[in-house]
Amino acid sequence: MSNVTAITSGGLALQLALAGIRIETPGAPEDAENLLESYLDDPRGAAVVIVEDCYRSRFSEWFHERLRRHRGRPLVVYCPAFTTDTLDVDAYLSSVLKPALGYEIRLE
């Protein structure tokens with residue numbers, strides 16, 4: 001099994017596939033939670049799972065809590081689709097770094 005797997009679709013899936021990353025495409029947006037859960041339950045599976053950020057808002061509350069408590073393998077990383085030109089990079093980085101580090105870092 002590949003060390004890096006992505007749960008994504010559309011243009012981001014194509015870009016990551018061209019980079020040599022194994023792609024899992026959920027049939028419906030709600031299926032992304034089941035795919036990610038299967039990777040969390042298999043510690044010998046992928047070392048890194050990249051999840052397209054649009055799926056995160058569709059995860060159930062108990063699954064968000066499970067992800068918050070998750071430690072070890074696999075590392076779960078969220079990636080925006082980069083389809084809009086209005087992406088606020090500073091706000092996105094802040095939203096990723098603050099929960100991981102426990103405090104806010106402002107980039108100037």
| query | Taking atom CD of E33 and atom NE2 of H64, what is their separation to the nearest 0.5 Å? | reply | 8.0 Å

| query | Is E52 reaching over with its side chain to a backbone N or O of I7, donor-acceptor style, under 3.5 angstrom? | reply | no

| request: Answer whether the closest heavy-atom distance between the side chains of T25 and T8 falls below 4.5 Å. | output: no

| query | Does the side chain of V48 come within less than 4.5 Å of N3's, by heavy atoms? | reply | no

| field | Nearest non-hydrogen partners of A32 and P26, listed with the distance | value | N-CB, 3.7 Å

| query | Is there side-chain contact between L36 and V49, with heavy atoms separated by less than 4.5 Å? | reply | yes

| Can you check whether V51 reaches C79 side chain to side chain, under 4.5 Å on heavy atoms? | no

| request: Over all heavy atoms of both residues, which pair between P74 and A46 is shortest? Give the atoms and the distance, please. | output: CB-O, 3.1 Å

| task | Please assess R58 against D53 for the test salt bridge (Lys or Arg N to Asp or Glu O under 4.0 Å), listing each intermediate value before the final yes or no. | result | CA-CA 10 Å; R58 294 188 171 106; D53 202 35; over 6 Å; no

| field | Pair R73 + D41: basic N to acidic O under 4.0 Å | value | no

| said: Is it the case that the side chains of E24 and T5 hold a donor-acceptor pair, with the cut-off being a distance below 3.5 Å and no angle test? | reply: no

| query | How long is the span from the CG atom in L67 to the CH2 atom in W62, to the nearest 0.5 Å? | reply | 9.0 Å

| said: Side chains of L40 and H70, heavy atoms from C-beta outward: is any pair under 4.5 Å? | reply: yes

| By ring-ring contact (aromatic ring centres under 6.0 Å, His included), which residues pair with Y78, not counting sequence neighbours? | none

| request: For S57, enumerate each residue passing the side-chain contact (heavy atoms from CB on, under 4.5 Å) test, keeping only those at least two apart in sequence or located in another chain. | output: none

| field | Shared hydrophobic cluster, L12 / V77 (ILVMFWY, side-chain heavy atoms < 4.5 Å) | value | yes

| query | For the hydrophobic clusters of this structure (ILVMFWY residues joined by side-chain heavy atoms under 4.5 Å, transitively), does one cluster hold both I23 and L18? | reply | no

| Separation between CD1 of I21 and CD of Q15, rounded to the nearest 0.5 Å | 10.5 Å

| query | Counting N and O atoms only, with roles assigned by atom type, does the side chain of D31 sit under 3.5 Å from a partner on the main chain of A28, one being a donor and the other an acceptor? | reply | yes

